[in-house]
**Student:** 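This is the structure I have questions about; it appears just below.
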Amino acid sequence: MKFGGTSVANLDRIRIVARRVKNEVAAGHSVAVVVSAMAGTTDQLVKWVEEASPLHDAREYDTVVSSGEQVTAGLLALTLQNMGVSARSWLGWQVPFRTSNIHGSARIEDIDTRQMISRLEDNIVCVMAGFQGISDDNRITTLGRGGSDTSAVALAAALDADRCDIYTDVEGVYTTDPRIVPAARKLEKITYEEMLEMASLGAKVLQTRSVAMAMNHGVRLQVLSSFTDRPGTLVVDEDEIVEKQVVSGIAYARNEAKITLVGVENTPGIAGKIFGPLADGHVNVDMIIQNISEDGKKTDLTFTVPEADVDKAKQLLETSGHVKYAKLMSDKDVVKISVIGVGMRSHTGVAARMFESLAEKGINIQVISTSEIKISVLIAAEYNELAVRALHTVFGLDSDEDA
Ligand code: ASP
Ligand code: MG
């Protein structure tokens, strides 16, 4: 069982969490719990680090920002004990939860579960601090923001758990963001691959890495709310889903920016010269289109980068010296809309339907990219809600009550 920051935001909520854990124990299960820091705590800790030292030592950053989880792990263990449930807390180093030494975004390398398993066999609930681990040189590490989802999935895999329940403040995974489409539906099941696309395309319910890890290790995931008793969404293998939808969800990402290079010399190697410096500067390029002029001598190149990196990307291109172009333009007022579904592998016409319904609304498509189970388009940000609603309806996702 993993509980996110809003689920452990104060002692009352920690008591609710403890009751849920107690119920599972009473049902005869061995339970390992992974907790986040109280809501807002990690943000505050990050701020303090930045104030203390703008160019901080990443090892000390990890020492500070990992501390929120220590508090909640101890408090939950205490609360369980007060309810008559044997429990103890585990910090990353105590497990030990071994990671690489890339501070701030460490990779999990090995989890030695021997001690924990022997405590579980003695019917002691294990409450592990999420988000943290220990490097080879015995320094505290953290897994990157949102990392306690990944802690939980990794621990579930290492313990060979029957299930990994991720408790959060929403009731599960929705067909799209219910805040902009009231007719959005909670999905009963979703495949790992779809969830992976949804998570990386902006649905914030799970850390992307945790989904990849669950997929690779076959961990059955359930996303559910700690505030209600309704069933959540199961993230499972494709063959577990009987009634397959062609499209399972619509995602959108507002934090994209578009860069266009006009009049680039059209010679072999030009794309490498453009994208090489961006890669060296750790700017992640997502969608790309290239167009050739009539005489074939010049080309226009358009691509997207994270909005936060657009100035850096422009600077890298302007100073690299290798790329010759007539004009560089950028636009932050764009949004990427994606339709996702494993059913696309066996159904044709999804792209056509998507483009037609956007056209009907008078929405211009600026860039397109596809994968086997996803089609993404870049459009002007002002059409975000209109587009998501239209696509949600067209692909039959609206719930009966609200449609
Ligand atoms: N507390 C950490 C964060 O806010 C880790 C987590 O909550 O998953 O990013
Ligand atoms: Mg989270």
Side-chain angles (χ1 to χ4, degrees), residues 1-11 13-14 16-17 32-51 56 58-77 89-93 95 97 99-100 102-108 111 126-135 140-158 164-170 173 195-196 198-200 202-214 219 221-227 232 235 255 308:
M1 303 172 84
K2 183 262 173 178
F3 294 92
T6 48
S7 304
V8 293
N10 54 49
L11 288 177
R13 291 198 180 163
I14 290 177
I16 296 174
V17 164
V33 185
V34 172
V35 285
S36 293
M38 291 178 174
T41 299
T42 311
D43 287 339
Q44 176 62 64
L45 295 167
V46 170
K47 261 194 216 131
W48 280 336
V49 169
E50 286 168 352
E51 271 173 48
H56 45 262
R59 291 163 297 191
E60 301 306 347
Y61 167 96
D62 278 351
T63 304
V64 177
V65 303
S66 63
S67 64
E69 276 74 9
Q70 173 161 352
V71 174
T72 44
L75 289 174
L76 179 57
S89 62
W90 296 78
L91 299 182
W93 64 270
V95 178
F97 198 101
T99 73
S100 68
I102 313 296
H103 287 273
S105 57
R107 313 287 305 177
I108 300 166
I111 307 171
C126 295
V127 185
M128 188 179 88
F131 184 47
Q132 54 172 263
I134 183 166
S135 70
I140 308 279
T141 54
T142 62
L143 306 178
R145 297 305 306 271
S148 51
D149 291 339
T150 302
S151 305
V153 173
L155 185 63
C164 179
D165 287 345
I166 308 261
Y167 285 88
T168 176
D169 51 4
V170 292
V173 181
M195 191 62 231
L196 200 53
M198 298 268 247
S200 57
K204 287 190 188 62
V205 42
L206 288 173
Q207 198 198 31
T208 308
R209 262 170 81 190
S210 71
V211 183
M213 186 174 287
V219 174
L221 272 185
Q222 182 177 202
V223 179
L224 68 176
S225 165
S226 67
F227 302 113
V235 188
N255 57 347

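Just follow the structure's listing: the first ligand is 1, and inside any ligand the first atom is 1. Predicted model only: the values in this text are computed from it and were never measured.
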**Student:** Has G130 got any heavy atom lying under 4.0 angstrom from an atom of ligand 1?
**Tutor:**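 No.
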**Student:** Are any of the N/O atoms in E69 less than 3.5 Å from those in ligand 1?
**Tutor:**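 It does: an N or O of E69 is found under 3.5 Å from an N or O of ligand 1.
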**Student:** Which is closest to atom 4 (O) of ligand 1 by heavy-atom distance: R145, Q132, Q207?
**Tutor:** R145
**Student:** As a quick check of understanding, evaluate side-chain hydrogen bond (donor to acceptor under 3.5 Å, both in side chains) for D62 and T142, giving each step before the final call.
**Tutor:** CA-CA 6 Å; D62 278 351; T142 62; 2.6 Å; yes
**Student:** With sequence neighbours left out, what residues match T168 under side chain to side chain donor-acceptor pair (under 3.5 Å)?
**Tutor:**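 By the side chain to side chain donor-acceptor pair (under 3.5 Å) rule, T168 matches no residue at all.
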**Student:** By side chain to side chain contact (heavy atoms under 4.5 Å, CB included), which residues pair with A37, not counting sequence neighbours?
**Tutor:** T41, T42, E69
**Student:** Which atoms of ligand 1 sit under 4.0 Å from any heavy atom of S36?
**Tutor:** 6 (C), 7 (O), 8 (O)
**Student:** For a quick check under 3.5 Å, do T141 and S135 share a side-chain donor-acceptor pair by atom type?
**Tutor:**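 Looking only at side-chain atoms, S135 and T141 do not form any donor-acceptor pair under 3.5 Å.
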**Student:** Does ligand 1 have any atom that is closer than 4.0 Å to a heavy atom of G5?
**Tutor:** no
**Student:** Side chain or backbone, does G146 bring an N or O within less than 3.5 Å of an N or O on ligand 1?
**Tutor:** yes
**Student:** Could you check Q132 against S67 for side chain to side chain contact (heavy atoms under 4.5 Å, CB included), going step by step and ending with a plain yes or no?
**Tutor:** CA-CA 9 Å; Q132 54 172 263; S67 64; over 6 Å; no
**Student:** Give yes if a backbone or side-chain nitrogen or oxygen of T42 is under 3.5 Å from a nitrogen or oxygen of ligand 1, and no if not.
**Tutor:** yes
**Student:** For T150, which of R209, Q207, R107 qualifies under side chain to side chain donor-acceptor pair (under 3.5 Å)?
**Tutor:** Q207
